[in-house]
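None of the values given here were measured: they were computed from a predicted structure. Heavy atoms only: backbone and side chains are in, while hydrogens, waters and symmetry mates are out.
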Amino acid sequence: MPKRIFIVPFVLLLCIGCGKDEGPKYTEEELAQIPQPIRQGLPRPSGGFVLAVGQDTITSDDISGALMQRLTPLAQQSSYEQFVNQAMPVVAMALRDKVVDILLYERAKAAAPEEIDEQLDKAVESEMRRFIVSFGGDYAKAEEFLKNYYGMGWKEFRDHQRRMILSSSYLQGRLEEKKPVTYSQIRQYYDQHQDLYKKDPTVTIRLIDINTSLFNNEPNAGKQLADEVIKKLEAGENFGELAKQYSNGYRASTGGLWQPVNPVSLAEPYDILAEKAGQMQIGEIAGPIEKQGHIFIMKLEDKDTGTVAPFETVQAEIEQIILLERRRKSFDDVMDKIVEEAAISGLDEFALFCLQEIYQQANNQSYRGN
C-alpha cells in the first residue's frame, strides 16, 4: 500500500476547538476511554507547514532555511509573482530530494539483512577515520569543521554517514547497468558530438621582442639591434639564449617561449605573428617583423591546425560518458518511481508556503500574505 504524506498546518491546529461559547464535548469518563496520541517522533514545533513522510517529517524551515541565502537576492529584486515563477523549480527540486532521501532510507532499512548493523558500523568507522585523516589526523580541526560548516556534532555526523551508506548501498543494486556499450553506440555518439572533440588551432613560438620606444635618442637603434640578432641566429647561436639577452618582452626570462596559443586570440600588435606563423614551417625563423613600435624575431616551435581528435583517442572517454548518462537516467527513473509510489499529495502547496516564507523573510516582512 503506498505511503501517504499529509500536510499539517500547525497554526491551524492551534485554532481547532477554540470557540468561546462551546463547552466540553466529552465527560471525564468518556475522555478516559479515548486512546492517548502517540508522542514519539513528532515534528518539532515550527509555526509552519509540516510534511509527514513515512516515519519522518519535513518542516517548512528545513526547505526555506536551506535555500534562504541562495534565493534572498532574487526575492529582494523581484515582485512576489516574479519570485514565485523563477524560484519555484529550485524549491520543488529541494523538496523532492528531501522526500526521496527519507523514502529511500526507509526502503533501504526494510530491505537490509539482519546482520547489516555490524557491516554498517564497520563502514561508518572507516568513513569517520577517512574524514579525520583528511584534516591531517587533527581531531579538533575535523570537529570544528563539522560544527561550523554542517552544524553537526560527531553523533549527528555518524548517524548521517550511516544513513548515506545504507541508502547508497540499496540504490547501487538498482542502478546496476549490465548491458555493454557497443562499438556502434560509441561511434554514433562521436559522429553526433564532433564539436566536443574539435581542437582549436594553436601555435607555439619563441619571440624576441624589441621595443623601439626604449631607443628614443637613436631612431634606428632598434632596427640595428634586430639585424645584429638575426646575424647571430644565422651564425647558429641559440634562439632562447639570445631572447634572454636582447628581448624586452616579459617572456624573455624563459627564452622567449610562449605557451601554445590560439592564433585568433592574439591582440595587437601580436596579431601580426599569427598571420606570419601560418606561412611558416616548424623550426623556421622569421624577422624582423615591425608593428606599432615593436620589432619581432619569431621562431615557430610547433603548430596545430585544429583538427578533430581521432576517434581512437576518445573512444574510452565516450564509453564512460554513455555509461554515466545511462546511470543518471536510471537514477532519475528510480527516484521518480519512489515519489510516484509514495502517492505524495500537497507538495505544490507546501513548496508555495516555503516560497512565501523566503520572500517575506528576505524582505523583512513579519506578516503572511493572502
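Met280 and Ile285 end up in different hydrophobic clusters when Ile, Leu, Val, Met, Phe, Trp and Tyr side chains are linked at under 4.5 Å. Residues Leu196 and Ile186 share a single hydrophobic cluster, defined by chaining ILVMFWY side chains whose heavy atoms lie under 4.5 Å apart. Residues Phe157 and Ile132 are members of one and the same hydrophobic cluster, defined by side-chain heavy-atom contacts under 4.5 angstrom among Ile, Leu, Val, Met, Phe, Trp and Tyr.
A 6.0 Å sphere centred on NZ of Lys303 holds more than 12 heavy atoms belonging to other residues, nucleotides or ligands. Environment of NZ in Lys141: sparse, with no more than 12 heavy atoms of neighbouring residues, nucleotides or ligands closer than 6.0 Å. Environment of CD in Gln281: sparse, with no more than 12 heavy atoms of neighbouring residues, nucleotides or ligands closer than 6.0 Å. Open room surrounds CD on Gln69; 12 or fewer heavy atoms of other groups in view lie less than 6.0 Å from it. Other residues, nucleotides and ligands place more than 12 heavy atoms under 6.0 Å from the CD atom of Glu156. Atom CD of Gln192 is surrounded by more than 12 heavy atoms from other residues, nucleotides or ligands within 6.0 Å.
Residues Met88 and Leu355 form a side-chain contact, since some pair of their non-hydrogen atoms from C-beta on lies under 4.5 Å apart. Ile297 has its side chain within reach of Phe239: a pair of non-hydrogen atoms, C-beta onward, lies under 4.5 Å apart.
A salt bridge between Glu144 and Lys147 is absent, with no side-chain N of the basic residue lying under 4.0 Å from a carboxylate O of the acidic one. Residues Lys155 and Asp159 are paired through a salt bridge, judged by an N-O separation under 4.0 Å between the basic side chain and the carboxylate. Lys244 and Glu241 are joined by a salt bridge, as a carboxylate oxygen and a charged side-chain nitrogen come within less than 4.0 angstrom of each other. A salt bridge is absent between Lys223 and Glu290: the closest approach of a Lys/Arg side-chain nitrogen to an acidic carboxylate oxygen does not fall below 4.0 angstrom. Ion pairing between Glu301 and Arg206 holds under the 4.0 Å rule for side-chain N and carboxylate O. Taking 4.0 Å as the cut-off between side-chain N and carboxylate O, Arg251 and Asp209 do not count as a salt-bridged pair.
Distance CG/Leu225 to OG1/Thr212: 11.5 Å, rounded to 0.5 Å. Rounding to the nearest 0.5 Å places OG1 of Thr204 at 5.0 Å from CG of Asp302.
Defined by atom type and a distance below 3.5 Å, a donor-acceptor pair is present between the side-chain atoms of Tyr139 and Trp154. A side-chain donor-acceptor contact under 3.5 Å links Asn211 and Ser213.
Considering all non-hydrogen atoms of both residues, Lys299 and Gly283 come closest at CE-O, 4.0 Å. Residues Ala75 and Ala362 come closest through the heavy atom pair CB-CB, 3.6 Å. Between Ala243 and Leu207 the shortest heavy-atom distance is CB-O, 4.2 Å. Summarising the geometry of Pro288 relative to Ile230, their closest heavy-atom pair is CD-CD1, 3.2 Å, with the distance given to 0.1 Å. In terms of heavy atoms, Met298 sits closest to Ile205 at SD-CG2, 3.8 Å.
Remark: aromatic rings of Tyr197 and Tyr189 are distant, center separation not under 6.0 Å.
The aromatic rings of Tyr190 and Phe311 lie perpendicular to each other, with more than 60° between the two planes, well past the 30° mark. Note on ring orientation: taking the six-membered ring where Trp is involved, the planes of Phe145 and Phe135 are tilted (angle from 30° to 60°).
Under a 3.5 Å cut-off, the side chain of Gln82 and the backbone N or O of Ser79 do form a donor-acceptor pair.
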Output, in order, the C-alpha distance, side-chain angles, deciding distance and verdict of side-chain contact (heavy atoms from CB on, under 4.5 Å) for Arg187 and Gln315.
CA-CA 8 Å; Arg187 185 76 206 192; Gln315 182 175 351; over 6 Å; no
